[in-house]
Amino acid sequence: ADIAYYQNDNPYLTDAEYDSLKKRNEEIEARFPELIREDSPSKKIGAPLKSGFGKIPHRFPMLSLGDVFSLEEVDDFVLSVKRFLNTADSIDFMAEPKIDGLSFSARYENGRFVQGAPRGDGTTGEDITANLRTIRLLPQELPADAPRILEVRGEVYMAKADFFALNQKYEAEGKKTFANPRNAAAGSLRQLDPKIAAQRQLDIAVFNLQLAQGRSFTTHTETLDYLRSQHFKVIPYCLLRTHADIMAEIDRLNDTRMERPFDMDGAVVKLNDLADRETLGSTAKFPRWAIAYKYPPERKTSRILDIVVQVGRTGVLTPKAQLEPVRLAGTTVTFATLHNQDYITQKDIRIGDTVVVQKAGEIIPEIVEVAPEHRPAGAVPYYLP
Ligand code: IVH
């Protein structure tokens, strides 16, 4: 699944399926530590690098975030931070949208953008400088008083509207479409020819100042304000004092996530004070001062009325399930992608089946599971013509 996702930009598990398998593996490992394998997904950050690119060692390890899936776990996080800092006082947290894109770091020397890389395996990333240069919103030059070295970290993404337009164009041309905006963004950045990235509408938001030589800051908010003054497009954030504030902001981010131009797969809760962050430090994979709360994808039950097959210009056959219309994540869904015969066979999807649908990456509806107990008599396995 990692190879399909990270290297081929063509996942076959939904993010939710992937997360739940990963979580189950972690639960098993917590109960039976003697079973932990060297190649366990719990020990890995990202994936092996794609060949063909130069390599850039990260000056600061590009850590990932620990995921949680319930508000109780967010609670535990807040409490554990307070315990660690040995304080009962209220401390400032912040919440930001978690953009579902591709993490990158960018280095500026004497005010010029010189180098950029995605997370890669956490310690080294591919040299995608040429592709990052094609992104209009990433400043190529900083204002006159820029530090000698400045490094930022952020997310490259494709806006939902641009992703739709790109897929529509590809579909009309009979080309293979992208599964979701994240894959479209990753696929664009991991092309050796920067002309391809230049043709795609990519966007960025920065969320961390890694280094600004000669300057010091005391809070995360200050660093974000500074980055804005340096003409970076900065992630929207909200400063939170109390426990109730944090919970309310997570809810608010969830309620408004469909209206945002980008795919958002959760909320990131971070500690604001930079000295406190130092005190907390990080594990091999995650900082202890931040956490990602992942929203569950919305799911609904529907029924397959028919399976229709689309023929692309090059003759590629794409099966789609025609569904009984159902409201899902802000739109009325009447079709779900069935990808290909393997997918249909693996899930044993038949006309007449009652199915659970969700939007993968919140956009393309897909079938999560089939309820064989509701299968009408006489339903037969489906084969593409
Ligand atoms: S903070 C050291 N803030 O989520 C902590 N990450 O699952 C750096 N992401 O690799 C991460 N939006 O690519 C942070 N507002 C945000 C984010 C964000 C998206 C991505 C980032 C990270 C991944 C972890």
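What you are looking at is a predicted structure, and each value in this text was computed from that prediction instead of being measured. These numbers come from the heavy atoms of this one structure, side chains and all, not from hydrogens, waters or symmetry mates.
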_Counterpart residues, side-chain contact (heavy atoms from CB on, under 4.5 Å), relative to P319 (two or more places apart)_ = I307, L338, I344, L384
*Has Q346 got more than 12 heavy atoms of other residues, nucleotides or ligands less than 6.0 Å from its CD?*
no
*Please identify each residue that fulfils side-chain hydrogen bond (donor to acceptor under 3.5 Å, both in side chains) with N25, with sequence neighbours left out.*
E29, S40
*Using distance alone, with no hydrogens and no angle criterion, decide if R107 and Q115 have a side-chain donor and acceptor under 3.5 Å apart.*
no
*Flag this pair as yes if the NZ/CZ of K175 is under 6.0 angstrom from the six-membered ring centre of Y170 and inside a 45 degree cone about the axis; otherwise no.*
yes
*Using a distance-only test with no angle check, is there a side-chain donor-acceptor pair under 3.5 angstrom linking N272 and T221?*
yes
*Are the aromatic ring centres of Y108 and F232 under 6.0 angstrom apart?*
yes
_Carboxylate-amine/guanidinium proximity below 4.0 Å for D265 and R182_ = no
*R241, CZ: over 12 other non-hydrogen atoms inside 6.0 angstrom*: no
_Regarding T283 and R288, do their side chains bring together a donor and an acceptor under 3.5 Å, going by distance alone?_
no
*Would you check if there is a donor-acceptor pair between the side chains of E96 and H220 at a distance under 3.5 Å?*
yes
*May I ask whether V114 and F53 are part of the same hydrophobic cluster, defined by side-chain heavy atoms of I, L, V, M, F, W, Y residues being less than 4.5 angstrom apart, directly or through others?*
no
_E151 vs R59, test: salt bridge (Lys or Arg N to Asp or Glu O under 4.0 Å). Steps then yes/no._
CA-CA 9 Å; E151 232 176 273; R59 260 168 211 84; 3.5 Å; yes
*Report the residues that fulfil ring pair (Phe, Tyr, Trp, His ring centres under 6.0 Å) with F217, sequence neighbours left out, ordered by chain and then residue number.*
Y226
